[in-house]
Amino acid sequence: MYRKDADRNIVRDVRQRLTDMRQQMPAADWSMAVFASRTEHASWYRHYEPALLTGVEPLLRNAGVDMSEPDKGTSFIGNVASDQ
């Protein structure tokens, strides 16, 4: 059953998780926070299945959650620079 307050809870939880994750790992992005939140609160997300990220993205964007992609920096694999 879909809870009436699920959207509000999702926004609040993802926003907080994203803030916490970025303090520990600046490369964390919003989808990581969504999956962490869903792991703990699966009933909130049932309305958005099976296309979880596609369904939740507009909700978070409209609520003002930081959807920017963090700078992941440059890493080197062997002698080739990688963008990821």
Flag for D20-Q24: side-chain donor and acceptor within less than 3.5 Å: no
Taking R22 first and then D66, would you say they form a salt bridge - that is, a charged N and a carboxylate O separated by under 4.0 Å? yes
R8 with D5: basic N within carboxylate O range, under 4.0 Å: yes
For [X] and [Y], indicate whether the former's side chain and the latter's backbone hold a donor-acceptor pair under 3.5 Å.
X	Y	result
S37	A33	no
D29	M32	yes
D13	N9	no

How many angstroms lie between atom [atom1] of [X] and atom [atom2] of [Y], to the nearest 0.5 angstrom?
X	Y	atom1	atom2	result
Y48	T54	OH	OG1	12.0 Å
L18	R15	CG	CZ	9.5 Å
H47	L59	NE2	CG	9.0 Å

Under the side-chain contact (heavy atoms from CB on, under 4.5 Å) rule, what do E49 and R38 come out as? Steps first, then yes or no, please. CA-CA 11 Å; E49 296 291 345; R38 183 181 173 272; 2.6 Å; yes
Can you see which heavy atom on M21 is nearest to which on A28, and at what distance? CB-CB, 3.7 Å
Would W44 and D7 count as a side-chain contact (heavy atoms from CB on, under 4.5 Å) here? Give the steps. CA-CA 7 Å; W44 295 350; D7 287 352; over 6 Å; no
So, do I10 and L60 sit near enough that their side-chain heavy atoms are less than 4.5 Å apart? yes
Within the 4.5 Å heavy-atom criterion, are E57 and W30 side-chain neighbours or not? yes
